[in-house]
Amino acid sequence: MAGYDHQAIEAKWQAYWADNKTFATPKDRSRPKYYVLDMFPYPSGVGLHVGHPKGYVATDVVARCRRMLGFNVLHVMGWDSFGLPSERQAVKENRSPQEITARNINTFKRQLTMLGLSYDWDKELATSDPSYYKWTQWIFAKLFEKGLAFEAEVPVNWCPALGTVLANEEVKDGVYIETGDAVERRNMRQWMLKITDYAESLLATLPEVQWPEGIKKMQQDWIGRSEGAIVRFEVPGNNRQIEVFTTRPDTLFGCSYVVLAPEHPLVSEITTKDCQAAVADYRAEVARRSDRDRTSDAADAPKTGVFTGAYAVNPINGEKAPVWIADYVLVNYGTGAVFACPAHDERDYAFAKKFELPIIEVVRGGDISQAAYTGDGPHVNSGFLDGLNNVDAKRAAIDKLKIGGQGDATITYRLRDWLFSRQRYWGEPVPVIHVDGQTKVVPVDQLPVQLPVLDDYRPTSDGQPPLARAIEWLKTIDPETGKPALRETNTMPQWAGSCWYYLRFIDPTNDNAAWDPEEEKYWMPVDLYVGGAEHATLHLLYSRFWHHVLHDLGLVSTREPFQRLFNQGMIHGTSFRDARGKYYSRDEVEERDGQWFGKSGEPVSARREKMSKSKLNTADPADLCRDYGADSLRLYELFMSPLEDGGDWETTGVAGCRRFLDRVWRLATEGNKLTDAIVEAPELERALHNAIRKVRQGVESLKFNTAVSEMMVFVNEATKAEHVPKAYFEDFVRILSPYAPHMGEELWRLLGHSNSVAYATFPEYDEAKLVHDTITIAVQVGGKMRGSVEVPAGSDDATILAAAKADANVQRHLDGKTIRREIVVKGKLVNLVL
RNA sequence: GGCUGAGUGGCGAAACAGGUAGACGCGCCAGACUCAAAAUCUGGUGGUGGUGACACCGUGCCGGUUCGAUUCCGGCCUCAGCUACCA
């Protein structure tokens, strides 16, 4: 009998699945549904490495098991294909982003197909496809009509070298993370989405979803709900009011000064003549500094600021407080102004110390000569608040301010509105036109607003977005009035397409609607969503926001899009670097006595790092499929570590999984090991049922590594056995097939079945079959292991104790001593306490 | 600085609900097959001591609860991720 020829088997079954449309999404609606979704990839130019498919393999196992358990499964893949890297690649190669994207998608699809993933490829979609972004634009129109999309002059990250705005996440340490080009702040007209209107809504349903607690916490913190008060300080002689936001209105009596953000609009109005020069200098200096410099590590940096010459009246006691400006107050949080109570706020304390401003204690409990005290305590020096604790004092202070019309309780959020435009080519055009100084949304029957073909994808020389180059495209007619109009040259950010793709997957070829409402009702929500934790606060918050809006518009049936979320860990590879930081690939180094050296003898250091082409530590799935087979690769991806942990890649581990599959193959093909005869094989049967149980539980708990182990245990037992009942092996093939689907199909066929194993029923396990006839009881004397005894299952305590005491080694340790207490744990152990 | 998660053999890891720590795999060692090697198969493999049965130590560190702690509680150390003056 021929050996296990993975290449022939895998090619054969992949062709079979494609030809027979084995994984077409079922149309009947009588069965329960299961929607299992991967975070779809951005098809980059470098292709996949073994780190990417871990989540895909996991969801594929879930999808395959669910089909066998009788569910209608929606399991699909698509491409998040708009984005800057393709545009930059296009400029570099002097080709169109369309071409580059098509090429990259091809590569990705080929790599994924090789893995035998059971996607319904008829539902494949790409966000850069006009038939897709037509509906992204349609949703934008809905947001615009609801007043949730608006234009504003806002500071952005402008990269002069690239001639484009960058997203915050693309900028670190004041430079673009990809190229190292400098980034500066600049005010520009931008599209914004009013996600802040949904802050409460996004918090409200967070407890309902089955997500990792850490991710929920991150979203909560990102939204950053904060209860406090608005307090109005009059500026005498100016007829102006400074509104401050505070969470500590109880400490108002400790106010020794007021601080405005340097960019605060009132600054120029209240600054006195003799302070104007200093204030202007300070504001200029702050403007030069990047956001990063102002925030990161800034908490430890010395505080800066200048006095404006103005005073404001504290409404709680009528006292005058000097007004300063300082960059530790942020213009875009709260009201952009604070009152300072140095005694009970660390930042104010540092500032007051530096500029020698008064520090007035109003809450007992700390030593304000040493540090600010932020804890609770009885109030002092606070008039009507004296003696109250923090909570009561807050309430009392707010009540007083309310009566005087000088303030009120309020809630602010850390969450900012979403900057929703990019000055780039390769994104969805914002579907609006500008006419007579008005912005109008393009009617749905004229969507999509297609990207024009350009021969140059760079920004214009005067800094306009690339779309400004399309003169013909740019000029249009207002369909309402017939007047000439201009199209919008901004495009949407990459997050737009991924905000709703899970909805389009339900009905991806629909030309008349974004999705069919009936289909949406059947499939939503996504039952299981798997992807990296790096999307915790961006993609996952943005899509929840859109979904909430769509729900309010009655367009979707659920409040939340993703019922269960699971984060897969990051796979690391071993990288090698010499003293100068140059990377070496695995075959350029060798190990001698635990030390690594390059080919010419130079020492290199080995370390585990995130896989990347530039670190020469990637493993190519295609190579592994060729050498070991996709089934071996799939098994190792899941066996190497729990899904959430990622782990370190070792190709020898794939070889181990290959050996396991070789053993499975031999069981089925060598000699006449499989038998139709009834054979007494309790150990083997127990191993089988244990494996079924683990694989079954794996579908719920997503613990695939231990499921694979238990299948290995079964195969080890079966290999040792003289004969293996065919019925056992059939059940085993069923549970193996979601993990190693090609071999599963081949063996299923070998066992005489003519249909695909993909829809075979999932075997049941029998608790009774898991129980041993005799059980091993551990015996402890005084809490220390002293032996173990075999007793029949179901023995009573007395029998177990007698057996335990009869053990020779136990007797030795009991010798001449009195047993004070006897503890018997059924089926587990005996502890004889002396 | 804050929040979150994690520390178990040479390595990846397992341990259901407080009950025999290290399943399964990698690597390594020995044996079988082979002229030999590879592949495969069989056995062994936490450390120390002992010919041995066994004994002692061992789940980051210190302490606590318990007959019994990888698991629960308190304090600390290290690493990773996120966040960064949010009033």
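When rounded to the nearest whole Å, the span between NZ of Lys217(A) and C1' of G81(B) equals 14 Å. A13(B) atom C1' lies 12 Å from atom CD of Glu644(A), rounded to whole Å. Rounded to a whole Å, the CD1 atom of Ile777(A) is 14 Å from the P atom of G19(B). In this structure, Asp327(A) places its CG atom 17 Å from P of A87(B), rounding to the nearest Å. A straight line from CG of Leu538(A) to P of G81(B) spans 17 Å, rounded to a whole angstrom. What separates NZ of Lys394(A) from C1' of A87(B) is a distance of 12 Å, to the nearest Å. Put simply, CG on Leu801(A) is 13 Å from C1' on C67(B), counting in whole angstrom units. We find that CG of Asp648(A) is positioned 12 Å from C1' of A80(B), with the value rounded to whole Å.
Close to G25(B), at under 4.0 Å from its OP1 or OP2, lies a side-chain N or O of Asn716(A). A sub-4.0 Å separation between OP1 or OP2 of C41(B) and a side-chain N or O of Arg659(A) is absent. Residue Asn809(A) places no side-chain N or O under 4.0 Å from the OP1 or OP2 atom of C54(B). Contact between the side-chain N/O atoms of Arg693(A) and the OP1/OP2 oxygens of C16(B) is not found at any separation under 4.0 Å. Phosphate proximity of C57(B) to Lys784(A): present, with a side-chain N or O under 4.0 Å from OP1 or OP2. Phosphate proximity of A53(B) to Arg786(A): absent, as no side-chain N or O sits under 4.0 Å from OP1 or OP2. An OP1 or OP2 oxygen of A23(B) is reached within less than 4.0 angstrom by no side-chain nitrogen or oxygen of Thr706(A). Applying the 4.0 Å criterion to OP1 and OP2 of U66(B), one finds that Asn831(A) has every side-chain N and O outside that range. Residue Arg658(A) places no side-chain N or O under 4.0 Å from the OP1 or OP2 atom of C26(B). Phosphate contact (OP1/OP2 of A87(B), side-chain N/O of Arg248(A), threshold under 4.0 Å): absent. Phosphate contact (OP1/OP2 of C41(B), side-chain N/O of Arg663(A), threshold under 4.0 Å): present. Neither OP1 nor OP2 of G25(B) sits under 4.0 Å from any side-chain N or O of Tyr636(A). Here His344(A) does not reach the OP1 or OP2 of A87(B): none of its side-chain N or O atoms lies under 4.0 Å away.
Side chains of Lys54(A) and Ser641(A): a donor on one and an acceptor on the other come within 3.5 Å. Side-chain polar atoms of Tyr413(A) and Thr196(A) form no donor-acceptor pair below 3.5 angstrom.
Rounded to whole Å, the C1' atom of G75(B) lies 27 Å from the corresponding atom of A84(B). Taking the C1' atoms as reference points, G68(B) lies 8 Å from G18(B), given to the whole Å. Across A32(B) and U70(B), the matching C1' atoms stand 39 Å from one another, rounded to whole Å. Nucleotides A14(B) and A21(B) are separated by 10 Å at their C1' atoms, to the nearest Å. If you take atom C1' in U8(B) and the same atom in G2(B), they sit 29 Å apart, rounded to whole Å. Taking atom P on both nucleotides, C82(B) is separated from A69(B) by 38 Å, rounded to a whole Å. For the P atom pair drawn from G7(B) and C26(B), the interatomic distance equals 24 Å after rounding to whole Å. G46(B) and C28(B) are spaced 14 Å apart, taking the C1' atom of each and rounding to whole Å.
As judged by a 4.0 angstrom heavy-atom cut-off over every strand, His535(A) is placed among residues making no nucleic acid contact. In this structure, Glu650(A) reaches neither bases nor backbone, as no heavy-atom distance under 4.0 Å exists between it and the strands shown. At the heavy-atom level, Val825(A) lies under 4.0 Å from base atoms of the strands shown. No engagement by Thr537(A) is indicated, since no non-hydrogen atom pair under 4.0 Å with the nucleic acid exists. Using a 4.0 Å heavy-atom distance criterion, Asp662(A) is classed as making no nucleic acid contact. At a threshold of 4.0 angstrom between heavy atoms, the contacts of Lys828(A) include nucleobase atoms, whether or not backbone atoms are also involved. Nucleic acid contact for Arg812(A): sugar-phosphate only, since backbone atoms but no base atoms lie under 4.0 Å from a heavy atom of the residue. Within the nucleic acid shown, Gly224(A) has no heavy atom closer than 4.0 Å to any nucleic acid atom.
Glu822(A) has a carboxylate O that lies under 4.0 Å from a charged side-chain N of Lys805(A), or vice versa, which qualifies the two as a salt bridge. Salt-bridge annotation for Arg634(A) and Glu637(A): absent, with no side-chain N of the basic residue lying under 4.0 Å from a carboxylate O of the acidic one. A salt bridge is absent between Arg666(A) and Asp662(A): the closest approach of a Lys/Arg side-chain nitrogen to an acidic carboxylate oxygen does not fall below 4.0 angstrom.
Looking at the side chain of Ser641(A), the nearest of the listed nucleotides A13(B), A87(B), G27(B) is A13(B). Side chain of Arg414(A), nearest nucleotide from U40(B), C67(B), A84(B): A84(B). Which of C67(B), A84(B), A87(B) sits closest to the side chain of Val338(A) comes down to A87(B). Candidate nucleotides A13(B), C67(B), G12(B) were compared by shortest atom distance to the side chain of Asn705(A), and A13(B) ranks first. Here the nucleotide nearest the side chain of Asp221(A), chosen from C26(B), A14(B), C3(B), is C3(B).
For the pair Leu202(A) and Gln219(A), the minimum side-chain heavy-atom distance is 4.5 Å or more.
Across the strands present, A13(B) finds no partner; the criterion is a Watson-Crick or G-U wobble pair with both atom distances under 3.5 angstrom. Across all strands shown, C85(B) forms no Watson-Crick or G-U wobble pair with both key distances under 3.5 Å. Partner assigned to G68(B) is none, using Watson-Crick or G-U wobble distances below 3.5 angstrom. Pair assignment for A38(B): none, as no Watson-Crick or G-U wobble contacts are both less than 3.5 Å. Searching all strands for a Watson-Crick or G-U wobble partner of C79(B) with both distances below 3.5 Å returns G5(B). As the counterpart of G22(B), no nucleotide is assigned, since no Watson-Crick or G-U wobble pattern has both distances under 3.5 Å. With a cut-off of 3.5 Å on both Watson-Crick or G-U wobble distances, the partner of U45(B) is given as G27(B).
The closest donor-acceptor contact from the side chain of His344(A) to the backbone of Val363(A) lies under 3.5 Å. Checked by atom type and distance alone, the side chain of Asp631(A) pairs as donor or acceptor with a backbone atom of Met743(A) at under 3.5 Å.
Aromatic pair Phe351(A)/Tyr257(A): ring centres closer than 6.0 Å.
Base orientation at G9(B) is syn, since its O4'-C1' glycosidic dihedral falls within 90° of 0.
Residue-to-nucleotide contacts include a donor-acceptor pair under 3.5 Å from the side chain of Ser709(A) to the base of A23(B).
Where Lys720(A) and Trp222(A) meet RNA chain B, the nucleotide closest to each residue was compared, and Lys720(A) sits on the side nearer the 5' end. Each of Arg225(A) and Met218(A) has a nearest nucleotide on RNA chain B; the 5'-most of these lies closest to Met218(A).
Around atom CD of Glu200(A), more than 12 heavy atoms belonging to other residues, nucleotides or ligands sit under 6.0 Å away.
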